Peer 1: 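Below: one structure in structure tokens.
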Protein chains: 2
Amino acid sequence: MSDPAPPLEGFAAHDHRRCRTETLAVAERLSTERGLKLTPIRRRVLEILLEGHRALGAYDILHRLAQDGLGSQPPVAYRALNFLRDLGVVHRIEKLNAFVVCTHPRDAHVPAFLICRKCSSVAEASAPSQGGLLGAAAQAGFAIETSVLEAEGLCPDCQG
Amino acid sequence: MSDPAPPLEGFAAHDHRRCRTETLAVAERLSTERGLKLTPIRRRVLEILLEGHRALGAYDILHRLAQDGLGSQPPVAYRALNFLRDLGVVHRIEKLNAFVVCTHPRDAHVPAFLICRKCSSVAEASAPSQGGLLGAAAQAGFAIETSVLEAEGLCPDCQG
DNA sequence: CGCACTCACGTTATTGTATAACAATTGTGC
DNA sequence: GCACAATTGTTATACAATAACGTGAGTGCG
Ligand SMILES: [Zn+2]
Ligand SMILES: [Zn+2]
Ligand SMILES: [Zn+2]
Ligand SMILES: [Zn+2]
């Protein structure tokens, strides 16, 4: 286990303004690269998620959009979230039916999440090689397209 | 990488009658061990899942129960499924909001799933050590309680 | 027996999550 | 102008899960 174990922004103090600025810039860039646009709705959804490394439900986000006069029906939120997921700047946390901003949207990566079951904060780590799974998959003739690892437990703040 | 890569029943030919017999026996035994009962409803739900290594939604199962005159309201299905999950003979696939029978209900294990996005068949492998994640979690002070790995793609039959 | 207690199930209602389907609008290039 | 893609607006619906309360069977005990 010679992994350097990179910092987990979700739980550690860090310069979060940089998260915000850089992620917005990346989203902007990826959008134009694909001939698409980071519209006000999409940008606002990303901003809401960038308020912290916490998982938010689609309807939580929708309510926030409604307050801002940016839409009030479910498809509005889901479209924006799916757009941002396609860009790779937002991940879906399956265990929570919720969404969280990616902490390293530049690299292709297999996301792995540490989810606090008490406060819903989420730390994202690049998944390791996944060891035997890739081997087992190959041997079985299975073609993996996407994968995710989700671990649930208690974050440092919620223990003790 | 020296993992022997155990067989993935979900995709490989195997003696499925044994899956059925043994899993039912294990469920029976675990139930009595805990002073609980594998009632007709619970047994039937397990049998339905044992028809194959495929993920089924709670409402799919409920409809089957209804056909058999064993209950028609959602709580009936969810109670049975939660009971079987507590026993450890059924897993929930988060990506699909669906349930699948465990392929090695004896050992304590961290499940890892290969999910075919076309036919919903599921192969379960014991998760590897999770490599760097445990290290990163420890370093961040996060206490992992449960975790799951879900990979999506195409099974051998659904390629080509 | 009478009583307390747990397990299991029946039932109604409600909440939460997500998508289908179609209309309307905007912008861009030819 | 016109075709076309992208984006949004809107209505309705499907799918997933739980809350809350009631019923009855079984068990143990004085
Ligand atoms: Zn941050
Ligand atoms: Zn990520
Ligand atoms: Zn089998
Ligand atoms: Zn299992």
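Note that the structure is a prediction, hence the values are computed from the model and not measured. A note on names: the letters A, B, ... follow the listed sequences, proteins ahead of strands, and every chain is numbered from 1.
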Peer 1: Go through the structure and list residues passing side chain to side chain donor-acceptor pair (under 3.5 Å) with B:R44, not counting sequence neighbours.
Peer 2: B:E47, B:D68

Peer 1: Quick one: side-chain contact (heavy atoms from CB on, under 4.5 Å) partners of B:S31, sequence neighbours excluded?
Peer 2: B:L38, B:F83, B:L87

Peer 1: Under the side-chain contact (heavy atoms from CB on, under 4.5 Å) criterion, do B:L46 and B:R42 qualify, and how do the steps go?
Peer 2: CA-CA 6 Å; B:L46 184 53; B:R42 293 167 175 173; over 6 Å; no

Peer 1: Please report, rounded to the nearest Å, how far the P atom of D:dT27 is from the CG atom of B:L36.
Peer 2: 14 Å

Peer 1: Along nucleotides 24-30 of chain C, 5' to 3', which nucleotides get a B, which get an S, and which get a -, given that the test is a protein heavy-atom distance under 4.0 Å?
Peer 2: -------

Peer 1: Quick one: A:L65 CG to D:dG9 P, roughly how many Å, whole number?
Peer 2: 10 Å

Peer 1: Could you work out, with side-chain contact (heavy atoms from CB on, under 4.5 Å) as the rule, every residue matching A:H14, not counting sequence neighbours?
Peer 2: A:E9, A:H16, A:C19, A:H53

Peer 1: Considering only residues two or more places apart or on different chains, which pairs with a residue in residues 147-156 of chain A satisfy salt bridge (charged side-chain N to carboxylate O under 4.0 Å, His left out)?
Peer 2: A:K95-A:E152

Peer 1: Do you know which two heavy atoms are closest between B:L49 and B:V101, and how far apart they sit?
Peer 2: O-CG1, 3.9 Å

Peer 1: In whole Å, what is the span from the CZ atom of B:F83 to the C1' atom of C:dA8?
Peer 2: 10 Å

Peer 1: Could you run down nucleotides 10-24 of chain D 5' to 3' and tag each one B, S or - for protein heavy-atom contact under 4.0 Å?
Peer 2: BB----BBBBB----

Peer 1: Assign the ring pair A:H109 / A:H104 to parallel, tilted or perpendicular, where the plane angle (0 to 90°) is split at 30° and 60°.
Peer 2: tilted

Peer 1: Taking atom CZ of B:R34 as the centre, report whether more than 12 heavy atoms of other residues, nucleotides or ligands fall under 6.0 Å from it.
Peer 2: yes

Peer 1: For A:R42, answer base if it contacts any base atom (sugar-phosphate contacts may also be present), sugar-phosphate if it contacts only those atoms, and nothing otherwise; contact means non-hydrogen atoms under 4.0 Å.
Peer 2: sugar-phosphate

Peer 1: Within this structure, what is the CG-to-P distance between B:L38 and C:dC7, rounded to whole angstrom?
Peer 2: 16 Å

